[in-house]
Participant: 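The following block contains the structure, expressed as structure tokens.
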Amino acid sequence: MTGAPLIEFRQVSKIYGRGEAAIRALDGVDLAIRQHEFVAIMGPSGSGKSTAMNILGCLDVPTTGDYLFEGLSTRGFDRGQLTLLRRHILGFVFQGFNLLPRTSAVENVELPLVYRGMHAGERRRKAKEALGLVGLSGREHHKTQELSGGQQQRVAIARAIVTQPALLLADEPTGNLDTRTSVEIMDLMTRLNREQGITIVMVTHEPDIASYAQRLLRFIDGKLEREAEHSGGADHVR
């Protein structure tokens, strides 16, 4: 691959605690992810994958080293600057759908645009477009409790992409779903990556789910142990 990375770790370490009680969650990690990639992150409990994801999502900062976004160092960013980066550049999908329970699908998807101060009519139009991209046209006004688990995760994905983020971070996105629904969600994420060009970084503990990605990063004891190239889910897409 050519071109500058979209995101990059340069010798990133994260240490919690001090002295003999210090825990080195990340230990001098170098990684680079380019625009339009779909990358999976795996590793056992305590390997550092969740810490890496938190730093990628600007929910935490390195103890040492640097995290660069489109070549721009985030070292020294204050809390407000990190919040703006999350709000305007990043999208998040979690294992728990984190939807407002008594609110319609379209209102849930509109929420990030409310924080941006977007006009109500424009918010509604963009939210409906995002729901259409995830296959939920016609269900815009269904309340969360009226939707299946797979549909709720689709709403969560629509909410994550409605801002057209440069990077979508997915943390165990199929963890609460059955096998059939997991396949549907991963087929959707693969299509969003390929057809919409969305860069995706996904943490998972399931090899079958990781196989949808183009590249696998495996963490062991705070280090990036190895990388593996995948076919990018070609055999999965329907």
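Scope of the values below: all heavy atoms of this structure, side chains included, with no hydrogens, waters or symmetry mates.
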Participant: Could you pull out the closest heavy-atom pair between A156 and V93, with the gap in Å?
Facilitator: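 Looks like O-CG2, 4.3 Å.
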Participant: Under 4.0 Å between a side-chain nitrogen and a carboxylate oxygen: does that hold for K143 and E146?
Facilitator: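 No salt bridge links K143 with E146.
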Participant: Hey, does the side chain of Q196 reach the backbone of N193 with a donor-acceptor pair shorter than 3.5 angstrom?
Facilitator: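 Flag not set: sc Q196 to bb N193 has no pair under 3.5 Å.
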Participant: Does any non-hydrogen side-chain atom of K128 lie less than 4.5 Å from one of V106?
Facilitator: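 Yes - at least one pair of side-chain heavy atoms lies under 4.5 Å apart.
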Participant: Looking at R10 and D66, does any basic side-chain N land under 4.0 Å from a carboxylate oxygen?
Facilitator: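 No.
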Participant: Side-chain polar contacts of residues 161-172 - donor-acceptor pairs under 3.5 angstrom, sequence neighbours left out - could you list them?
Facilitator:
from, atom 1, to, atom 2, distance (Å)
E172, OE1, H205, ND1, 3.1
E172, OE2, H205, N, 3.3
E172, OE2, H205, ND1, 3.1

Participant: Strictly distance-based, threshold 3.5 Å: is any side-chain N or O of H36 a donor or acceptor partner for the main-chain N or O of G197?
Facilitator: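 Checked: pair present.
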Participant: Would you indicate whether the side-chain heavy atoms of R86 and L59 approach each other to under 4.5 Å?
Facilitator: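 Yes, close enough: below the 4.5 Å cut-off.
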Participant: Following the transitive rule for hydrophobic clusters with a side-chain heavy-atom cut-off under 4.5 Å over Ile, Leu, Val, Met, Phe, Trp and Tyr, establish whether L31 and V61 coincide in one cluster.
Facilitator: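 Hydrophobic grouping puts L31 apart from V61.
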Participant: State whether the side chain of T63 and the backbone N or O of I15 hold a donor-acceptor pair below 3.5 Å, judged by distance alone.
Facilitator: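 Yes, the answer is positive, given that a donor and an acceptor are paired below the 3.5 Å cut-off.
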Participant: State whether the side chain of K223 and the backbone N or O of V29 hold a donor-acceptor pair below 3.5 Å, judged by distance alone.
Facilitator: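 No; judged by distance alone, with no hydrogens or angles, the pair does not exist.
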Participant: Can you measure from CG (D178) to OG1 (T174) and round to the nearest 0.5 angstrom?
Facilitator: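 Spacing of CG (D178) from OG1 (T174) equals 10.0 Å.
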Participant: side-chain contact (heavy atoms from CB on, under 4.5 Å), that's the test. Do V155 and Q151 meet it? Break it down for me.
Facilitator: CA-CA 6 Å; V155 173; Q151 289 169 337; 5.7 Å; no
Participant: Check Q152 against L99 and note the closest heavy-atom contact, atom names and distance.
Facilitator: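 Shortest heavy-atom separation between Q152 and L99 comes out as O-CD1, 3.5 Å.
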Participant: Looking at E110 and N108, would you say the former's side chain and the latter's main chain have a donor-acceptor pair under 3.5 Å?
Facilitator: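 Not confirmed, E110 side chain does not pair with N108 backbone.
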Participant: Can a donor-acceptor pair be found, under 3.5 Å and without considering hydrogens, that links the side chain of E107 to the backbone of S104?
Facilitator: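 The answer is yes, because a donor-acceptor pair under 3.5 Å joins these two groups.
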Participant: For the atom pair CE (M186) and OG1 (T204), what is the distance rounded to the nearest 0.5 Å?
Facilitator: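 One gets 7.5 Å once the value is rounded to the nearest 0.5 Å.
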Participant: Tell me whether the count of non-hydrogen atoms from other residues, nucleotides or ligands lying under 6.0 Å of NE2 in H119 goes above 12.
Facilitator: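 Incorrect, the count does not exceed 12.
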Participant: A side-chain contact here means heavy atoms from C-beta on lying under 4.5 Å apart; do L192 and L188 qualify?
Facilitator: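 They are in side-chain contact.
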Participant: Mind checking whether L56 and L72 sit in one hydrophobic cluster, side chains of I, L, V, M, F, W, Y counted as touching below 4.5 Å?
Facilitator: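 No, no single cluster joins them.
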Participant: Calculate, to the nearest 0.5 Å, the distance between atoms CD1 and CD belonging to I200 and E37 respectively.
Facilitator: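 It is 11.5 Å, given to the nearest 0.5 Å.
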Participant: Minimum heavy-atom separation for T181 and G150, please, with both atom names.
Facilitator: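 Distance-wise, the nearest heavy atoms are CG2-CA, 3.3 Å.
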Participant: Under 3.5 Å, side chain of T74 to main-chain N/O of F77, donor-acceptor pair present?
Facilitator: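 Checked: no pair found.
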Participant: Hey, could you give me the CG/CZ distance between L133 and R154, rounded to the nearest 0.5 Å?
Facilitator: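 With rounding to 0.5 Å, CG (L133) is 11.5 Å from CZ (R154).
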Participant: Check whether any side-chain heavy atom of P44 sits under 4.5 Å from a side-chain heavy atom of I220, and report yes or no.
Facilitator: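 Side-chain contact under 4.5 Å: yes.
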Participant: Given Q11, which of D30, T64, D27 fulfils the side-chain hydrogen bond (donor to acceptor under 3.5 Å, both in side chains) condition?
Facilitator: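 The side-chain hydrogen bond (donor to acceptor under 3.5 Å, both in side chains) with Q11 is passed solely by D30 among D30, T64, D27.
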Participant: In sequence, state the C-alpha distance, the side-chain angles, and the governing distance for I33 and L6, and then conclude on side-chain contact (heavy atoms from CB on, under 4.5 Å).
Facilitator: CA-CA 6 Å; I33 296 172; L6 175 66; 5.7 Å; no
Participant: Would you sort out whether E129 and K126 count as a salt bridge (Lys or Arg N to Asp or Glu O under 4.0 Å), showing the intermediate values?
Facilitator: CA-CA 5 Å; E129 286 180 356; K126 286 183 174 292; 5.4 Å; no
Participant: Please walk me through it: do N54 and T51 pass side chain to side chain donor-acceptor pair (under 3.5 Å)?
Facilitator: CA-CA 5 Å; N54 286 339; T51 301; 5.5 Å; no
Participant: Remaining members of L111's ILVMFWY cluster at a side-chain heavy-atom cut-off under 4.5 Å?
Facilitator: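 For the cluster that includes L111, the remaining residues are L100, Y115.
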Participant: Closer than 3.5 angstrom, by distance alone: can the side chain of Q95 be matched with the main-chain N or O of P173 as a donor-acceptor pair?
Facilitator: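 Looks like no, no N/O pair under 3.5 Å.
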Participant: Identify the heavy atoms of P207 and M42 that sit nearest to each other, and give their distance.
Facilitator: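 Shortest heavy-atom contact: N-CE, 3.8 Å.
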Participant: Determine whether a donor-acceptor pair (N or O, by modelled atom type, separation under 3.5 Å) exists between the side chain of R123 and the backbone of M118.
Facilitator: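 Yes, because the side chain of R123 sits within donor-acceptor range (under 3.5 Å) of the backbone of M118.
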Participant: Can you name the nearest heavy-atom pair linking I209 to S182, along with the distance?
Facilitator: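 For I209 and S182, the tightest heavy-atom pair comes out as CD1-CB, 4.3 Å.
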Participant: Check step by step if side-chain contact (heavy atoms from CB on, under 4.5 Å) holds for F219 and I41.
Facilitator: CA-CA 7 Å; F219 280 83; I41 295 177; 3.7 Å; yes
Participant: Which heavy atom in G57 sits nearest to a heavy atom in F92, and how many Å separate them?
Facilitator: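 The answer is O-CZ, 3.5 Å.
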Participant: For atom CZ of R116, decide whether the heavy atoms of other residues, nucleotides or ligands shown that lie under 6.0 angstrom number more than 12.
Facilitator: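 More than 12 heavy atoms, drawn from other residues, nucleotides or ligands, come within 6.0 Å of this atom.
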Participant: I need the single residue from Q214, R215, R34 that forms a side-chain contact (heavy atoms from CB on, under 4.5 Å) with V39. Which is it?
Facilitator: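 Testing each of Q214, R215, R34 against V39, the sole residue satisfying side-chain contact (heavy atoms from CB on, under 4.5 Å) is R215.
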Participant: First locate atom CG of L85, then atom SG of C58, and finally report the distance between them rounded to the nearest 0.5 Å.
Facilitator: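 The distance works out to 4.0 Å.
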Participant: Please identify each residue that fulfils ring-ring contact (aromatic ring centres under 6.0 Å, His included) with Y67, with sequence neighbours left out.
Facilitator: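 Expected list: F9.
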Participant: Measure from the side-chain N and O atoms of D60 to the backbone N and O of I55, and report whether any donor-acceptor pair falls under 3.5 Å.
Facilitator: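 Here the side-chain-to-backbone pair does not exist.
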Participant: Hey, any chance L177 and V183 share a hydrophobic cluster, counting ILVMFWY side chains that come within less than 4.5 Å of each other, even indirectly?
Facilitator: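 Yes, same cluster.
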Participant: Quick one: pull up CE in M202 and CZ in F38 and give me the separation to the nearest 0.5 Å.
Facilitator: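 Reported to 0.5 Å precision, the distance equals 4.0 Å.
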